[in-house]
Amino acid sequence: MEPREARLPSLRDGLRAFLIGPRTPRERYAAEERTMSDETAFHQLPAEERLFRQRHSAAHVLAEAVLEMFPEAKYAIGPPIENGFYYDFDLPRPLTPDDLETLEARMRVSVERDLPIVGQQIPKEEARRIFAEQPYKLELIADIEDPTVGYFRHGEFQDLCRGGHTERTGQLGAFKLTHVAGAYWRGDEHRPMLQRIYGALFPTQEELDAYLTAREEAERRDHRRLGPELDLYHLDPISPGSPFFHPKGAVLYQTLVDYIRSLYPKYGYQEVITPQMFDTEIFKTSGHYDLFPDMFKMRDDEVESGLKPMNCPGHCMLYRYGLHSYRELPIRYAEFTRLHRNERSGVLHGLTRVRSFSQDDAHIYCTLEQQPEEIAHFFDMVREVYGDLGLLDVEVKIATRGEYFIGEIENWNRAEQQLQEAVAAAGWSYTIAPGEAAFYAPKVEFHFRDALGRSWQLGTIQIDQAMPTRFGLRYIGADGAEHVPVMIHRAVLGSLERFLGVYIEHVEGRFPLWLAPTQAVVIPIADRHLDYAEEVRSALAAKGLRAQVDSGPDRMGAKIRQAQLQKVPYMLVVGDREAEARAVGVRTRSGGDLGAMPLEELVERLAGERDSRASE
RNA sequence: GCCGGUGUAGCUCAGCGGCAGAGCAGCUGUUUCGUAAACAGCAGGUCGUGGGUUCAAGUCCCACCGCCGGCUCCA
């Protein structure tokens, strides 16, 4: 979250660049501003522009190959994307991996032929004639407002296209078709499902290979692989999307909760506990009921109950109990209890998308005047937490009002304005996500990428003046009259499950000492050292450090290997020399053998490292 | 939820109409060892679940469930 310039480049950054490419605003705008009127020679264009064009042209060459294989195919859209390109098709049958190889081979024929790619503006009428058999193209033509549309061709292939291409099909760079996936036409689930073919493309074979290798390495960091490997959690079909946290995972989970909880006095939060299950009337009052039908519900006699999917309605009930004076505000209710959302089966994803989770959730009730200060106050906490956790690669998004919303427009506008000012004041760069606000409030979202480059929202803050009205919340102002408080929804880590998923990948399972489930393994060299090993363990335990003795029959080398694979921060070897000197042989998971250290010194070192929450 | 793929031992995988396998992990025994894997033996399976085809089904077909890749959704 510090300015990017202040960060030292790391191996991770290099990997990330491979995986997700540059994400500057410029790239996005450039994509929209490109026109076919650009006369600059391809080789003279900026590298980023060349790559964009290569990916775009590769999509055309892919479509050419597909149309040749399936003359009856309908083709839809095929843009360049991060790392490559895709193209959507309506095909007579599902594609197989063998088809991808065939198509890729056909694409290389076009590259070999090095055909010129030419574009021009043509009248809509002519375009309709050319694409008469292509319903998706006709729909696109109908939606274009200009009297003319872009038309590109190379060889026998022709496409409706805004442009931004290489000059010839021989300039594509290095590419590989990677996978097929379903995709709705125009992203609308009520419209036909098309087959999307994805390809990766980079300027050179070396870069493509590096990307593909980086992807394979990233798969090894996937929390869905590391989590069970490190004995943190598992999932079972008996309760899809509901993690079983093992003792080690639970330590991690609870340590995070304890950490956030420890900050609450400083930031003025009061922890509360509200019910798990409510009469669904409460969600009708809040407005969630109709909008989010996937609540876990049950009916008992006349009453329909639901497992709470969020805490805000419960906190409103809590606020509503008793009268509040403006002198009490802001009131900040925090809660960690469990939430349940019946997410659609297809979206479940390891820990990052689950049905059962808890958040470091809180709702702040304050006056309109206190609102800007509360936002800044929250950002202070975000900065502290993300800093302690070493999460520097945050992306900040401001999500603004969408088509459906509750509340007054002027309140929305003011809240959006204040959020934007607060983010700017915090010194964070951000993007605007138009129309992506919650239905009741605009929000700021803090996003992080997982190992494979997928973006996940962790923290958020939402300025809500609608729900307090719906729940009839009041406070007595200095003027003696009743006023409606503002309600701020906020979470720093967001869903703890999701946070853990992202965080496991962020640190590649090498948790800093304060979070590591096992902080040290004591490794006796022979059985005669077991007593002393146990002494070392209990000396650590006395300081609250989580240590285990590996008392198994394996050789020391095997025990070290085991501890390394489990990514235990410290391995403490004890043999004759150490027992004699009341010392331990210290080895770290990253630095190898550090040599012997007196036991007392070791305990102090570890306790200090834990208390400082040092990152590795 | 939708499209496609996939499901064999705790884990990673082989077997793809004809006797269910390997490595690791586990257990037992021997070994007591100085910084990433000692040796030997043993045990481990309704081949996701339910139907169907067949003399015979992990193997072919259908349905359901889970998982994977996307899409959609995201309070």
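Naming convention: chains lettered A, B, ... in sequence-line order (proteins, then strands); numbering from 1 in each chain. Below, all heavy atoms of this structure are taken into account, side chains as well, without hydrogens, waters or symmetry copies.
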Whole angstroms only, please: what is the [atom1]-[atom2] distance between [X] and [N]?
{"X": "A:Arg341", "N": "B:C74", "atom1": "CZ", "atom2": "P", "answer": "11 Å"}
{"X": "A:Arg401", "N": "B:A75", "atom1": "CZ", "atom2": "P", "answer": "17 Å"}
{"X": "A:Tyr233", "N": "B:C11", "atom1": "OH", "atom2": "C1'", "answer": "15 Å"}
{"X": "A:Ile560", "N": "B:A38", "atom1": "CD1", "atom2": "C1'", "answer": "15 Å"}
{"X": "A:Glu445", "N": "B:A75", "atom1": "CD", "atom2": "C1'", "answer": "12 Å"}
{"X": "A:Asp99", "N": "B:G4", "atom1": "CG", "atom2": "C1'", "answer": "12 Å"}
{"X": "A:Glu403", "N": "B:C73", "atom1": "CD", "atom2": "P", "answer": "12 Å"}
{"X": "A:Phe357", "N": "B:C74", "atom1": "CZ", "atom2": "P", "answer": "14 Å"}

Between [Y] and [X], is there a salt bridge with N-O shorter than 4.0 Å?
{"X": "A:Asp88", "Y": "A:Arg196", "value": "yes"}
{"X": "A:Lys567", "Y": "A:Glu508", "value": "no"}
{"X": "A:Glu343", "Y": "A:Arg341", "value": "no"}
{"X": "A:Arg454", "Y": "A:Glu505", "value": "no"}
{"X": "A:Asp188", "Y": "A:Arg186", "value": "no"}
{"X": "A:Glu497", "Y": "A:Arg338", "value": "yes"}

Using OP1 and OP2 only, check whether a side-chain N or O of A:Lys443 sits under 4.0 Å from B:A75.
yes
Picking from [options], which would you name as closest to the side chain of [X]?
{"X": "A:Val347", "options": "B:A38, B:C73, B:U35", "answer": "B:C73"}
{"X": "A:Arg353", "options": "B:A75, B:C73, B:U35", "answer": "B:C73"}
{"X": "A:Gln564", "options": "B:C73, B:A36, B:U35", "answer": "B:A36"}

Which of residues 485-500 of chain A have a heavy atom under 4.0 Å from RNA chain B?
none
What are the residues of residues 182-199 of chain A, sorted by number, that bring a heavy atom to within less than 4.0 Å of RNA chain B?
A:Gly182, A:Ala183, A:Tyr184, A:Gly187, A:Glu189, A:Met193, A:Arg196, A:Tyr198
Inspect the surroundings of [atom1] in [X] and state if more than 12 heavy atoms from other residues, nucleotides or ligands are less than 6.0 Å away.
{"X": "A:Lys176", "atom1": "NZ", "result": "no"}
{"X": "A:Glu580", "atom1": "CD", "result": "no"}
{"X": "A:Asp576", "atom1": "CG", "result": "yes"}

[N] and [M]: how far apart are their [atom1] atoms, nearest whole angstrom?
{"N": "B:U6", "M": "B:C64", "atom1": "C1'", "value": "15 Å"}
{"N": "B:A37", "M": "B:G48", "atom1": "P", "value": "36 Å"}
{"N": "B:G50", "M": "B:C55", "atom1": "C1'", "value": "23 Å"}
{"N": "B:C39", "M": "B:C33", "atom1": "C1'", "value": "13 Å"}
{"N": "B:A43", "M": "B:C3", "atom1": "C1'", "value": "44 Å"}
{"N": "B:A25", "M": "B:U12", "atom1": "P", "value": "15 Å"}
{"N": "B:A57", "M": "B:A20", "atom1": "P", "value": "11 Å"}
{"N": "B:U8", "M": "B:G45", "atom1": "P", "value": "15 Å"}

Do A:Asp99 and A:Thr102 meet the criterion of a side-chain donor-acceptor pair at a distance under 3.5 Å?
no
Would you check if there is a donor-acceptor pair between the side chains of A:Thr274 and A:Glu335 at a distance under 3.5 Å?
yes
What is the nucleic acid contact for [X], judged by heavy atoms within less than 4.0 Å: base, sugar-phosphate only, or nothing?
{"X": "A:Gly346", "answer": "base"}
{"X": "A:Glu578", "answer": "base"}
{"X": "A:Tyr440", "answer": "sugar-phosphate"}

Just to verify, what does A:Glu578 make a salt bridge (charged side-chain N to carboxylate O under 4.0 Å, His left out) with, not counting sequence neighbours?
none
Contacts of A:Glu416 meeting salt bridge (charged side-chain N to carboxylate O under 4.0 Å, His left out) (sequence neighbours excluded), chain-then-number -> none
Spacing of CE belonging to A:Met467 relative to SG belonging to A:Cys312, to within rounding of 0.5 Å
4.5 Å
Point-to-point distance, once rounded to the nearest 0.5 Å, from CZ of A:Phe405 to CG of A:Asn411
10.5 Å
Determine, using ring centers only, whether A:Phe439 and A:His288 are less than 6.0 Å apart.
yes
Test of ring centre spacing under 6.0 Å for A:Tyr319 and A:His363
no
Set out, line by line, the N/O atom pairs under 3.5 Å between protein and nucleotides 5-10 of chain B.
none

Suppose we screen for side-chain contact (heavy atoms from CB on, under 4.5 Å). Which residues come up paired with A:Ala63, at least two apart in sequence or across chains?
A:Tyr75, A:Tyr87, A:Phe89, A:Phe157
Write out a two-atom table: protein N or O, nucleotide N or O from nucleotides 64-68 of chain B, distance below 3.5 Å.
| unit_1 | atom_1 | unit_2 | atom_2 | d |
| --- | --- | --- | --- | --- |
| B:C68 | OP1 | A:Arg224 | NH1 | 3.1 |
| B:C68 | O3' | A:Arg224 | NH1 | 3.4 |

Quick check on B:G29: syn or anti? Syn means the glycosidic torsion is within 90 degrees of zero.
anti
Applying side-chain hydrogen bond (donor to acceptor under 3.5 Å, both in side chains), name anything that partners A:Ser455, two or more places apart in sequence or on another chain.
A:His447
With a 3.5 Å cut-off and heavy atoms only, can you find an N or O donor on one side and an acceptor on the other between the side chain of A:Asp294 and the base of B:A75?
yes
Under a 3.5 Å cutoff on both atom distances, Watson-Crick or G-U, what's the dot-bracket for RNA chain B ([ ] crossing, | other strand)?
(((((((..((((....[..)))).(((((.......))))).....(((((..]....))))))))))))....
Identify each donor-acceptor pair in which a side-chain atom of residues 277-284 of chain A lies under 3.5 Å from a protein atom, sequence neighbours left out, and give them as a table.
| unit_1 | atom_1 | unit_2 | atom_2 | d |
| --- | --- | --- | --- | --- |
| A:Asp279 | OD1 | A:Glu281 | N | 3.0 |
| A:Thr280 | OG1 | A:Glu304 | O | 3.2 |
| A:Thr280 | OG1 | A:Glu304 | OE1 | 2.8 |

Review item, nucleotides 40-51 of chain B N/O atoms under 3.5 Å of protein N/O:
none

Report all interatomic pairs (protein N or O, nucleotide N or O of nucleotides 26-33 of chain B) with separations under 3.5 Å.
| unit_1 | atom_1 | unit_2 | atom_2 | d |
| --- | --- | --- | --- | --- |
| B:U32 | O2 | A:Asp527 | N | 2.8 |
| B:U32 | N3 | A:Asp527 | OD1 | 3.3 |
| B:U32 | N3 | A:Asp527 | OD2 | 2.8 |
| B:U32 | O4 | A:Asp527 | OD2 | 2.8 |
| B:C33 | OP2 | A:Arg528 | NH1 | 3.3 |
| B:C33 | OP2 | A:Arg528 | NH2 | 3.2 |
| B:C33 | O2 | A:Arg555 | NE | 3.3 |
| B:C33 | N4 | A:Pro553 | O | 3.4 |

